[in-house]
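Computation of the quantities below employed the complete heavy-atom set of this structure, encompassing side-chain atoms and omitting hydrogens, waters and symmetry-equivalent molecules. Nothing fancy with the numbering, it's 1 onward along the sequence.
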Amino acid sequence: MNWLLVVCGAMVGAPLRYLTDRAVQARHDSVFPWGTFTVNVTGCLVLGLLTGAATHLQLLLGTGLCGALTTYSTFSYETLRLAETGARVQAALNVAVSVTAGLAAAFAGAALAGR
């Protein structure tokens, strides 16, 4: 039955990732991948909030929703594309800002969950 919770979360997370990415990226006239950045940081915050939550919530929202919402492969691909097209500063910023913001969001979520 646990697998069903993961599937249900992913059914929401995958389209939410696509729609959020497109909506955010459409608002920025930049080569920086703001859409992927947004979904990844949001996913880190949600996972931080789920610290200590019931197993069913972790499966549904953590593994399912956040697993489908966030994307390390797209982050890596977009960083590679930035570097290949000569936008090396943006590529380095993408790595530094994404990792820093993701960790900060996870810590913030865990701190909020602890209250």
Side-chain angles (χ1 to χ4, degrees):
M1 195 60 164
N2 289 344
W3 64 271
L4 189 56
L5 291 169
V6 175
V7 169
C8 288
M11 286 173 47
V12 173
L16 184 60
R17 180 214 179 296
Y18 175 77
L19 294 171
T20 302
D21 178 67
R22 295 295 85 210
V24 170
Q25 203 60 41
R27 293 191 172 137
H28 293 87
D29 187 26
S30 167
V31 295
F32 191 84
W34 288 109
T36 300
F37 174 80
T38 300
V39 296
N40 285 343
V41 173
T42 301
C44 290
L45 177 65
V46 172
L47 283 172
L49 286 168
L50 289 172
T51 302
T55 302
H56 289 83
L57 262 180
Q58 288 179 347
L59 289 170
L60 177 69
L61 300 177
T63 305
L65 180 88
C66 290
L69 176 67
T70 61
T71 174
Y72 190 73
S73 59
T74 301
F75 160 73
S76 300
Y77 172 76
E78 289 171 345
T79 303
L80 175 66
R81 293 295 303 149
L82 286 169
E84 286 178 344
T85 60
R88 288 187 174 87
V89 172
Q90 288 90 343
L93 281 172
N94 188 34
V95 172
V97 173
S98 292
V99 171
T100 302
L103 286 171
F107 277 103
L112 288 170
R115 292 184 185 182

Completion exercise
Between F75 and V95 the two heavy atoms that sit nearest each other are CZ-CA, 3.9 Å
Problem - Validation row: S98, T36 side chains within 4.5 angstrom (heavy atoms) - result: no
Problem - Side chain to side chain, C44 and T70, heavy atoms closer than 4.5 Å - result: no
Fill in the blank from the handout: In terms of heavy-atom contacts, V31 and L82 come closest through O-CD2, 3.4 Å
Problem - Set of side chain to side chain donor-acceptor pair (under 3.5 Å) partners for T38, sequence neighbours left out - result: none
Practice task
First locate atom CG of L61, then atom CG of L47, and finally report the distance between them rounded to the nearest 0.5 Å.
Solution key: 9.5 Å
Handout entry: Residue pair A105 / V41: nearest heavy atoms and the distance that separates them
Key = CB-O, 3.6 Å
Practice task
Classify the angle between the aromatic ring planes of F37 and W34 as parallel (below 30°), tilted (30 to 60°) or perpendicular (above 60°).
Solution key: perpendicular
Handout entry: Contacts of T85 that satisfy side chain to side chain donor-acceptor pair (under 3.5 Å) - sequence neighbours left out
Key = none
Practice task
Sorted by first residue and then second, give each salt bridge (charged side-chain N to carboxylate O under 4.0 Å, His left out) pair with at least one member in residues 68-82; sequence neighbours left out.
Solution key: R81-E84
Problem - Over all atoms of both residues, closest heavy-atom pair of T100 and A96 - result: OG1-O, 2.8 Å
Exercise for the section: For T51 and A110, work out which heavy atoms get closest and say how close. Expected result: OG1-CB, 4.0 Å
Exercise for the section: Measure the CG-CG distance between L59 and L50 for me, rounded to the nearest 0.5 Å. Expected result: 10.5 Å
Handout entry: Shortest non-hydrogen separation from L49 to A113 and the atoms involved
Key = O-CB, 3.2 Å
Handout entry: Inter-residue atom distance Q90.CD - T79.OG1, 0.5 Å rounding
Key = 11.5 Å
Problem - Pairs touching residues 14-33 that satisfy side-chain hydrogen bond (donor to acceptor under 3.5 Å, both in side chains), sequence neighbours left out - result: R17-T74
Identify every side-chain donor-acceptor pair in residues 3-12 under 3.5 Å, counting partners at least two apart or on other chains, and give the distances.
none

Exercise for the section: Enumerate the residue pairs fulfilling salt bridge (charged side-chain N to carboxylate O under 4.0 Å, His left out) with a member in residues 37-58, sequence neighbours excluded, ordered by first and then second residue. Expected result: none
